[in-house]
Amino acid sequence: MNNRLKVLRAERNWSQAELAGRLTVSRQAVNQIETGKYDPSLPLAFRIARLFGMTIEEIFDDGEGDRG
Amino acid sequence: MTGREIVAEDWKADAAHRTRLRIGAWVGTLVAATAGVIALGLGTHIGGGARAPLMILGGALVALGFVYGTAIYMRRIDEQERDANLWSAYIGFCLYIALYMIRGLWFYATGSVPFSHDVIFVVTLAVGLAVFLWRKFR
C-alpha cells in the first residue's frame, strides 16, 4: 500500500527509530511500512494518523481511487 | 520544561522502559533455562537419591524458561514481528507434515527411508528460521 509516511517523517526530522519509538513498534516495522512491504493493522494505522494529526486516508492510499 | 518537551520525552522514557522490561525478561528466561540445563547435567552424572530431584528440577526450570520466554516474547513484540512469526510457523508446520508424508510414502513404496526424523526436524527449523528472518528484515 502506498503511503506518505517517509515524507511526513522527514518533515519532522524524525529517524525511523524515533518514529518507531513514538508508535511503540520496531524500526523494521516502520521501514517495511514505508517501503510498502507491510501493511499496518487498523489500530496501528490509527496511531500513525493521530501522531501526524491527519486522517488515515491522507497518509495511506490503497490505489483503489475515488469510488464516489 | 514546556508541555511539548514533556510529551516528547514521555515516548523516549516509555520506549526505554519497555526495552528494559524486555531485556529483563530475556535475562530471567536465560538464567532459568541455564540453571535447568545445569541441574539436568548434574542429574545425569550424579547417582543416588539426588538424581531424580535434580532431573525434575532441571526439567521444570527449562520448561519454565521456555514458557515464560515465549509468553514475554509474544507480549513484547510488535505486529510486524508477529506476522513474521506466523508465516514462519505456518510454513515450517506445512513443511514438517510434507516431509513426514514423503518419508512415509517412500517407505511404503521402496521399503527404505530417504531421510531420518532428525533431518526432518533440522530442515523444518532451518526453513522456519529463514522465513522468519526474511519476513522480519526484508
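Residue numbering restarts at 1 for every chain, and letters A, B, ... go by the order of the sequence lines. Side chains included, hydrogens not; waters and symmetry mates left out as well; all remaining heavy atoms used. Predicted, not measured: the structure shown is a model, and the values here were computed from it.
Heavy atoms from other residues, nucleotides or ligands lying under 6.0 Å from CH2 of Trp14(A) number more than 12. Crowding of Phe60(A) atom CZ: a count of heavy atoms from other residues, nucleotides or ligands under 6.0 Å exceeding 12.
Looking at residues two or more places apart in sequence or on another chain, you find a side chain to side chain contact (heavy atoms under 4.5 Å, CB included) between Phe137(B) and Gln28(A), Leu133(B). Annotation: side chain to side chain contact (heavy atoms under 4.5 Å, CB included) contacts of Ile56(B) (sequence neighbours excluded): none.
Of all heavy-atom pairs between Thr24(A) and Asp78(B), the closest is O-CB, 4.5 Å. Gly21(A) and Ala15(B) get closest at one heavy-atom pair: CA-CB, 4.5 Å.
Linking Ile, Leu, Val, Met, Phe, Trp and Tyr residues whenever their side-chain heavy atoms come within less than 4.5 Å leaves Leu86(B) and Ile91(B) in two separate clusters. Under a hydrophobic clustering in which Ile, Leu, Val, Met, Phe, Trp and Tyr are joined whenever their side-chain heavy atoms come within less than 4.5 Å, directly or via other members, Phe52(A) and Leu42(A) fall into the same cluster. Note on Leu54(B) and Val62(B): separate hydrophobic clusters, where clusters join Ile, Leu, Val, Met, Phe, Trp and Tyr whose side-chain heavy atoms are under 4.5 Å apart, directly or indirectly. Note on Phe132(B): it does not cluster hydrophobically with Tyr38(A), by side-chain heavy-atom contacts below 4.5 Å among ILVMFWY residues. Neither Ile77(B) nor Leu21(B) shares a network with the other; the hydrophobic side chains, linked directly or stepwise wherever heavy atoms of I, L, V, M, F, W or Y lie under 4.5 Å apart, form separate groups for each.
Proximity to chain B is absent for every atom of Pro43(A), based on heavy atoms less than 4.5 angstrom apart.
Of the possible donor and acceptor atoms, one in the side chain of Glu79(B) sits under 3.5 Å from a partner among the backbone N and O of Ser41(A).
For the atom pair Thr35(A) OG1 and Arg138(B) CZ, the distance stands at 8.0 Å (nearest 0.5 Å).
In this structure the side chain of Ser26(A) reaches within 4.5 angstrom of the side chain of Lys136(B), judged on heavy atoms.
Heavy-atom neighbours of chain A within the stretch residues 115-131 of chain B, taken at a separation under 4.5 angstrom, are nonexistent. Within residues 97-105 of chain B, no residue has any heavy atom less than 4.5 Å from a heavy atom of chain A.
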